[in-house]
Undergrad: 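Here it is, the structure in full.
Not measured: the values here are computed from a predicted model.
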Amino acid sequence: MTDFFPLLLAVLIIVLTFISAMNNGVVKLLASGMAAFVLLVILILGIQFLPWLGQTFLDVELTWKVTLGVTCVIAILAYTISRFVFGWILKGALGPDGWFHWMADGVPGGVVSFVPSFVIVIFLFSCTRIAGTVLELNYVATLCQPQVTNTITKLPSYPFSAKWRNAIESIPLFPEIFDVIDPLTNRANRNTAALVMVDRSVALKRYFKTLPATASLIEAPVLSGLSADETIAEMLKAQERLSLVNAPAIKDYAASFPAQQELKQLDFQPVLEGFVASLKPLEIPAPADAN
């Protein structure tokens, strides 16, 4: 059940928002939800198109960090302004003298509250997906360490946040939707980043070659060249996980990879858990009897 925590939390948010709208009115909730939707749209469009705009009109190449920072500033300003604008409009429309006052509270207000609830849930799922991806890549990095096959300690378990992300993506159509609205952790890009990390590990790469689901992906001829790229190597050394996922070379490789569906649908959890299970921790010999 803990694997589905974000889904249970989403249901709780929807129920509590419904009850609050019924009892206290929906105007503030709806204004905040609509403003948050504006923020979400700006974040999506900004991250996807701001680098192109900078390159085209200003001849400036924006890194993903700069793109994210500028987009967040614009999105927060837009949220603040639109919150007041939507609040003013909705007070008139849903107020005592408004045409839609019957929707301001009670059951109709609860139904209208599904709009802000939906936006909140999208934010929750997006944050879970980003956190799950970062910690999954951290976990891959742990298993890529040269001494992993000689460890005398128990290796950590697959991250809970990555399990939560996988639970969200188990819902039909959700992975495809979030690939569009969450450009930071697109499945093809994040899986390519993970494969690049695996390619640099002798033991883990050897294990990936033994599995039908991963053999063709890890043996792709261009992958080794990608993992040897200096820029990629610097990101790996600096442990910049999201920078790696959003590196132009990673994106280009993922976009041009012939087996797109196999790359997108690759589930690292059973593969990584299988690798850990295949390792036998070294036993520390018992101390010799002094007598």
Undergrad: To the nearest 0.5 Å, tell me how far Arg187 CZ sits from Arg165 CZ.
TA: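 It is 10.5 Å, given to the nearest 0.5 Å.
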Undergrad: Tell me the closest heavy-atom pair linking Pro159 and Leu135, and the distance in Å.
TA: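 Heavy atoms only, the tightest pair is CG-O, 3.5 Å.
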Undergrad: Are any non-hydrogen side-chain atoms of Leu9 and Val121 less than 4.5 angstrom apart?
TA: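 Leu9 vs Val121: side chains apart.
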Undergrad: Are Leu211 and Leu217 grouped together when hydrophobic residues (ILVMFWY) are joined by side-chain heavy atoms under 4.5 angstrom apart?
TA: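 Looking at the clustering, Leu217 is in the same group as Leu211.
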Undergrad: For Thr128, what residues pass the side-chain contact (heavy atoms from CB on, under 4.5 Å) criterion, not counting sequence neighbours?
TA: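 Expected list: Pro6, Leu124, Trp164, Ile168.
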Undergrad: Please list all pairs meeting salt bridge (Lys or Arg N to Asp or Glu O under 4.0 Å) that have one or both residues in residues 233-254, counting only residues at least two apart or in different chains.
TA: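 Qualifying pairs: Lys65-Glu240.
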Undergrad: Side-chain polar contacts of residues 34-45 - donor-acceptor pairs under 3.5 angstrom, sequence neighbours left out - could you list them?
TA:
none

Undergrad: Is it true that Ile89 and Leu94 fall in one hydrophobic cluster, defined by side-chain heavy atoms closer than 4.5 Å?
TA: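 Different clusters: Ile89 never reaches Leu94 through Ile, Leu, Val, Met, Phe, Trp or Tyr contacts under 4.5 Å.
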Undergrad: Is there a path of hydrophobic side-chain contacts, each under 4.5 Å between heavy atoms of I/L/V/M/F/W/Y residues, joining Val119 to Ile177?
TA: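 As far as the 4.5 Å side-chain criterion goes, Val119 and Ile177 are connected within one cluster.
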Undergrad: Quick one: side chain to side chain donor-acceptor pair (under 3.5 Å) partners of Thr214, sequence neighbours excluded?
TA: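 With neighbours one apart ignored, the set is empty.
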Undergrad: Is there a side-chain contact between Phe4 and Lys163, using heavy atoms and a 4.5 Å cut-off?
TA: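 Side chain of Phe4 against side chain of Lys163, heavy atoms only: no contact under 4.5 Å found.
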Undergrad: If you apply the rule side-chain contact (heavy atoms from CB on, under 4.5 Å), what do you find for Ile120 with Ile14, and how did you get there?
TA: CA-CA 9 Å; Ile120 295 172; Ile14 293 171; over 6 Å; no
Undergrad: Of all the heavy-atom pairs spanning Ala21 and Ser113, show the shortest one and how long it is.
TA: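 Between these two residues, the closest heavy atoms are CB-CB, 3.6 Å.
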Undergrad: So, does Ser126 use its side chain to make a donor-acceptor pair with the main chain of Phe123 at under 3.5 Å?
TA: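 The answer is no, because no donor-acceptor pair under 3.5 Å joins these two groups.
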Undergrad: Mind checking whether Met197 and Leu236 have side chains closer than 4.5 Å, heavy atoms only?
TA: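 Counting from C-beta outward, Met197 and Leu236 do come under 4.5 Å.
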Undergrad: State whether the side chain of Ser201 and the backbone N or O of Val198 hold a donor-acceptor pair below 3.5 Å, judged by distance alone.
TA: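 Absent.
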Undergrad: Do Ile171 and Phe178 sit in one hydrophobic cluster, given that two such residues count as connected whenever their side-chain heavy atoms are within less than 4.5 Å of each other, even indirectly?
TA: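 Ile171 and Phe178: one cluster.
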Undergrad: Which heavy-atom pair separates Val112 from Val26 by the least distance, and what is that distance?
TA: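 Closest heavy-atom pair between Val112 and Val26: CG1-CG2, 4.0 Å.
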Undergrad: Atom CD1 of Ile218 and atom OH of Tyr207: how far apart are they, to the nearest 0.5 Å?
TA: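 Between Ile218 CD1 and Tyr207 OH, I get 13.5 Å after rounding to 0.5 Å.
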Undergrad: Does Arg129 have any side chain to side chain donor-acceptor pair (under 3.5 Å) partners at least two apart in sequence or in another chain, and if so, which?
TA: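 Arg129: side chain to side chain donor-acceptor pair (under 3.5 Å) contacts with Glu169, Asp179, Asp182, Thr185.
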Undergrad: Ser32 side chain to Leu29 main-chain N or O, any donor-acceptor pair under 3.5 Å?
TA: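 A pair under 3.5 Å: no.
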Undergrad: Can you confirm whether more than 12 heavy atoms, excluding those of Phe118, are under 6.0 Å from its CZ atom?
TA: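 Atom CZ in Phe118 is not crowded, with 12 or fewer foreign heavy atoms closer than 6.0 Å.
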Undergrad: Tell me whether Phe114 is reachable from Leu16 by hopping between hydrophobic residues (I, L, V, M, F, W, Y) whose side-chain heavy atoms are closer than 4.5 Å.
TA: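 Linked, Leu16 and Phe114 end up in one cluster.
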Undergrad: Write down the atom of Gly25, the atom of Asp105, and the distance for their closest heavy-atom approach.
TA: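 In terms of heavy atoms, the two residues are closest at CA-CB, 4.0 Å.
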Undergrad: Which ILVMFWY residues are connected to Val11, directly or by a chain of links, through side-chain heavy atoms under 4.5 Å apart?
TA: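 Members besides Val11, by chain and number: Val15, Ile19.
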Undergrad: Between Ser278 (side chain) and Phe275 (backbone), is there a donor-acceptor pair under 3.5 Å?
TA: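 Side chain of Ser278 to backbone of Phe275: a pair is present.
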Undergrad: Starting from the C-alpha separation in whole Å, work towards a yes-or-no answer on side-chain contact (heavy atoms from CB on, under 4.5 Å) for Leu137 and Val245.
TA: CA-CA 10 Å; Leu137 292 176; Val245 173; 3.6 Å; yes
Undergrad: Is the gap between the ring centers of Phe257 and Tyr253 under 6.0 Å?
TA: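 Here the rings of Tyr253 and Phe257 have centres that are less than 6.0 Å from each other.
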Undergrad: Is the shortest side-chain heavy-atom distance between Leu279 and Leu155 below 4.5 Å?
TA: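 Yes, their side chains come closer than 4.5 Å.
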Undergrad: Show the nearest heavy-atom pair for residues Cys144 and Leu204, with the distance to one decimal.
TA: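 That closest heavy-atom pairing would be SG-CD2, 3.8 Å.
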Undergrad: Can you measure from CD1 (Ile250) to CG (Asn191) and round to the nearest 0.5 angstrom?
TA: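 So the gap between those two atoms works out to 11.0 Å.
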Undergrad: Evaluate Asn246 against Thr67 for side-chain contact (heavy atoms from CB on, under 4.5 Å), listing each step before the verdict.
TA: CA-CA 11 Å; Asn246 291 277; Thr67 299; over 6 Å; no
Undergrad: With sequence neighbours excluded, tell me which residues meet ring pair (Phe, Tyr, Trp, His ring centres under 6.0 Å) with Phe84.
TA: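 For Phe84, no residue satisfies ring pair (Phe, Tyr, Trp, His ring centres under 6.0 Å) once neighbours in sequence are set aside.
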Undergrad: May I have all residue pairs that pass side-chain hydrogen bond (donor to acceptor under 3.5 Å, both in side chains) and include part of residues 4-13, sequence neighbours excluded?
TA: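 Qualifying pairs, neighbours excluded: none.
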Undergrad: For Pro248, give me all partners under side-chain contact (heavy atoms from CB on, under 4.5 Å), at least two apart in sequence or on another chain.
TA: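 Applying side-chain contact (heavy atoms from CB on, under 4.5 Å) to Pro248 gives none.
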Undergrad: Just by distance, do the side chain of Ser20 and the backbone of Thr17 share a donor-acceptor pair under 3.5 Å?
TA: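 Side chain of Ser20 to backbone of Thr17, a donor-acceptor pair under 3.5 Å: no, none is there.
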Undergrad: Which side-chain N or O atoms in residues 262-272 pair as donor and acceptor under 3.5 Å with protein atoms at least two apart or in another chain?
TA:
residue, atom, partner, partner atom, Å
Asp267, OD1, Gln269, N, 3.1
Gln269, OE1, Asn166, ND2, 3.2
Gln269, NE2, Glu273, OE2, 3.3

Undergrad: I need the full list of salt bridge (Lys or Arg N to Asp or Glu O under 4.0 Å) pairs touching residues 204-227, with sequence neighbours left out, sorted by first then second residue.
TA: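 Found Asp199-Lys205.
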Undergrad: What is the minimum heavy-atom distance between Val111 and Phe18, and which atoms define it?
TA: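 The answer is N-CE1, 3.6 Å.
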Undergrad: Just wondering, do Leu195 and Phe208 contact through their side chains at under 4.5 Å, heavy atoms?
TA: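 In contact.
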Undergrad: Can you confirm whether Arg83 sits close enough to Lys28 that some side-chain heavy atom of one is under 4.5 Å from a side-chain heavy atom of the other?
TA: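 A side-chain contact exists here, since the closest heavy-atom pair is under 4.5 Å.
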Undergrad: Connecting only ILVMFWY residues whose side-chain heavy atoms lie within less than 4.5 Å of each other, what is the rest of Val73's hydrophobic cluster?
TA: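 The other cluster members (ILVMFWY side chains, heavy atoms under 4.5 Å, direct or chained) are Leu77.
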